[in-house]
Amino acid sequence: MARLNNGILGGINGKIGPVEGYVRYGIPYVRTKKRKSKVPPTIKRLTCRKGMSVVNHFINSMTDYVRIGFEGVAIGKPFSPNNAAKSYQLLNALHGEYPEISIFYPAVRLTQGSIETPTNTKAVIEGNGIRFTWDYNPVLNWDDRRAQVMLLVHVEETGKTINILSGARYTEKTEFMEMPAEVKGLNLHAYLSFIADDRKNISNSTYLGNHVI
């Protein structure tokens with residue numbers, strides 16, 4: 001049974017006959033009910049499924065980070081920041097052939113915006129963590145000087161992430177990120193972004209390499 005949320009001229013919510021209706025981000029949709037196919041999937045379809053699985057696993061480990069990072073992209077659009085982030089990785093950050101499809105970490109983008117990306121960004125192992133550094137040029141970066149750094153480290157072997165959502169100011173040129181003991185000897189992929197005080201404007205993320213403590 002389906003419901004007409006806004007009268008006979010409104011969208012359908014539920015199933016009726018061979019179709020089902022639903023509302024997504026305020027927009028009503030109607031589609032035919034899904035049926036299990038008896039036709040074996042093609043390599044192209046298997047590749048798409050594998051790619052989506054890989055991206056879902058990756059992005060779902062960092063939902064807070066990408067929600068902030070792609071919020072501006074999703075404003076006024078019929079998709080969420082999470083979906084926008086996944087779409088970007090599907091198109092740009094996968095490599096390999098089925099079934100060996102994986103994330104290509106240097107091509108990943110976790111935030112997208114117009115804040116100027118600093119120059120000379122680096123990440124190096126320091127003690128039990130990672131030291132992030134960047135250069136600040138008051139001539140080029142004056143409008144962004146109060147932006148705060150956002151850091152994320154993805155642990156390749158476990159699929160987990162560690163992040164800092166509100167770190168040092170742009171002008172401070174450094175931030176340290178302590179790592180838990182259980183990541184010792186594992187591959188740590190580091191990313192850096194900057195976000196404005198109003199939490200609306202943000203920079204594109206920068207990949208800063210694979211590190212092992």
Side-chain angles (χ1 to χ4, degrees), residues 55 57-73 81-82 84-86 88-89 92-93 95 102-213:
V55 167
H57 183 71
F58 180 67
I59 294 298
N60 288 346
S61 73
M62 55 187 75
T63 52
D64 287 342
Y65 203 96
V66 298
R67 176 183 52 78
I68 296 168
F70 278 84
E71 185 174 7
V73 177
N82 185 280
K86 289 177 179 178
Y88 184 93
Q89 317 317 320
N92 301 281
H95 66 168
S102 59
I103 293 291
F104 182 51
Y105 294 99
V108 163
R109 179 172 290 178
L110 302 181
T111 64
Q112 183 168 309
S114 60
I115 287 183
E116 187 75 24
T117 302
T119 58
N120 200 29
T121 51
K122 295 180 181 178
V124 296
I125 297 299
E126 181 181 298
N128 63 338
I130 300 177
R131 171 69 63 181
F132 293 80
T133 59
W134 58 90
D135 283 344
Y136 165 71
N137 186 333
V139 175
L140 298 177
N141 309 123
W142 180 256
D143 291 337
D144 301 323
R145 64 194 181 280
R146 289 194 57 77
Q148 290 179 276
V149 71
M150 290 175 56
L151 304 175
L152 182 139
V153 170
H154 179 79
V155 186
E156 184 174 342
E157 289 83 352
T158 67
K160 296 181 179 180
T161 62
I162 305 155
N163 64 56
I164 293 176
L165 299 180
S166 299
R169 297 286 183 182
Y170 208 125
T171 53
E172 295 180 63
K173 301 191 291 185
T174 185
E175 178 65 276
F176 179 75
M177 193 172 183
E178 186 176 358
M179 294 289 108
E182 59 264 27
V183 306
K184 186 175 181 180
L186 304 182
N187 290 286
L188 309 176
H189 296 273
Y191 297 88
L192 169 151
S193 308
F194 283 89
I195 188 166
D197 272 349
D198 62 8
R199 312 300 287 181
K200 294 181 180 179
N201 200 13
I202 201 165
S203 72
N204 289 346
S205 61
T206 301
Y207 177 65
L208 296 178
N210 180 18
H211 307 271
V212 179
I213 296 178

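For this chain, numbers begin at 1 and follow the sequence in order. Treat the numbers as computed from the prediction; the structure is a model and nothing was measured.
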Novice: Atom OG1 of Thr121 and atom CZ of Phe132: how far apart are they, to the nearest 0.5 Å?
Specialist: 10.0 Å
Novice: If you look at every heavy atom in His211 and Ala123, which pair is closest and at what distance?
Specialist: CE1-O, 2.8 Å
Novice: Out of curiosity, Leu208 CG to Leu192 CG, how far, rounded to the nearest 0.5 Å?
Specialist: 5.5 Å
Novice: Taking only residues two or more places apart in sequence, or in another chain, which ones meet His57 in a side chain to side chain contact (heavy atoms under 4.5 Å, CB included)?
Specialist: none
Novice: Ring centroids only, cut at 6.0 angstrom: are Tyr191 and His154 within range, meaning strictly under it?
Specialist: no
Novice: Do you know which two heavy atoms are closest between Ile103 and His95, and how far apart they sit?
Specialist: O-NE2, 3.6 Å
Novice: So, taking the atom named CH2 in Trp134 and the one named CG in Asn141, what distance separates them when rounded to the nearest 0.5 Å?
Specialist: 12.0 Å
Novice: What is the minimum heavy-atom distance between Gly69 and Ile202, and which atoms define it?
Specialist: CA-CD1, 3.8 Å
Novice: Which value, rounded to the nearest 0.5 Å, describes the distance between Leu110 atom CG and Ser193 atom OG?
Specialist: 6.5 Å
Novice: Which class fits the ring pair Tyr105 and Tyr207: parallel under 30°, tilted 30 to 60°, perpendicular over 60°?
Specialist: parallel
Novice: Do Thr161 and Ser61 make a side-chain contact, defined as non-hydrogen atoms from C-beta onward lying under 4.5 Å apart?
Specialist: yes
Novice: Show, in sequence, the C-alpha distance, side-chain angles and deciding distance for Phe70 and Ile59, and conclude whether the side chain to side chain contact (heavy atoms under 4.5 Å, CB included) test is met.
Specialist: CA-CA 12 Å; Phe70 278 84; Ile59 294 298; over 6 Å; no
Novice: Asn60 vs Asn82, test: side chain to side chain contact (heavy atoms under 4.5 Å, CB included). Steps then yes/no.
Specialist: CA-CA 8 Å; Asn60 288 346; Asn82 185 280; 4.0 Å; yes
Novice: How close do Thr117 and Ser203 get, counting heavy atoms only, and between which atoms?
Specialist: OG1-CB, 4.4 Å
Novice: Would you mind reporting whether Glu175 and Leu151 have side-chain heavy atoms less than 4.5 Å apart?
Specialist: yes
Novice: Check whether any side-chain N or O of Gln148 sits under 3.5 Å from a backbone N or O of Gly167 as a donor-acceptor pair, and report yes or no.
Specialist: yes
Novice: Determine whether Ile125 and Ile130 make a side-chain contact, defined as any pair of heavy atoms from C-beta on separated by less than 4.5 Å.
Specialist: yes
Novice: Between Ile195 and Ile115, is any pair of side-chain heavy atoms under 4.5 Å apart?
Specialist: no
Novice: How far apart are the closest heavy atoms of Val66 and Ala85, and which atoms are they?
Specialist: CB-CB, 3.9 Å
Novice: So, using side chain to side chain contact (heavy atoms under 4.5 Å, CB included) as the criterion, who are the partners of Ser114 when residues are at least two apart?
Specialist: Asn201
Novice: Just verifying a value: how many Å separate Phe194 CZ and Asp144 CG, rounded to the nearest 0.5 Å?
Specialist: 9.5 Å
Novice: Could you list the residues that satisfy side chain to side chain contact (heavy atoms under 4.5 Å, CB included) with Leu165, not counting sequence neighbours?
Specialist: Asp64, Tyr65, Ile68, Met150, Asn163, Arg199
Novice: Write out all pairs satisfying salt bridge (charged side-chain N to carboxylate O under 4.0 Å, His left out) with one or both partners inside residues 108-130, taking only residues at least two apart or from two chains.
Specialist: Glu126-Arg131
Novice: For residues 179-187, which side-chain donor-acceptor pairs fall under 3.5 Å, sequence neighbours excluded?
Specialist:
| unit_1 | atom_1 | unit_2 | atom_2 | d |
| --- | --- | --- | --- | --- |
| Asn187 | OD1 | Asn210 | ND2 | 2.9 |
| Asn187 | ND2 | Glu157 | OE2 | 2.5 |

Novice: Under the side-chain contact (heavy atoms from CB on, under 4.5 Å) test against Met177, which residue among Val149, Ile164, Leu152 passes?
Specialist: Ile164
Novice: Would a 4.5 Å heavy-atom cut-off, applied to side chains only, mark Leu188 and Val212 as touching?
Specialist: no
Novice: What's the separation between atom CE in Met62 and atom CD1 in Ile162, rounded to the nearest 0.5 Å?
Specialist: 11.0 Å
Novice: List the residues meeting side chain to side chain contact (heavy atoms under 4.5 Å, CB included) with Arg146, not counting sequence neighbours, and say none if there are none.
Specialist: Arg169, Asp197
Novice: Which atom pair, heavy atoms only, marks the closest approach of Tyr170 to Asp135?
Specialist: CE2-O, 4.1 Å
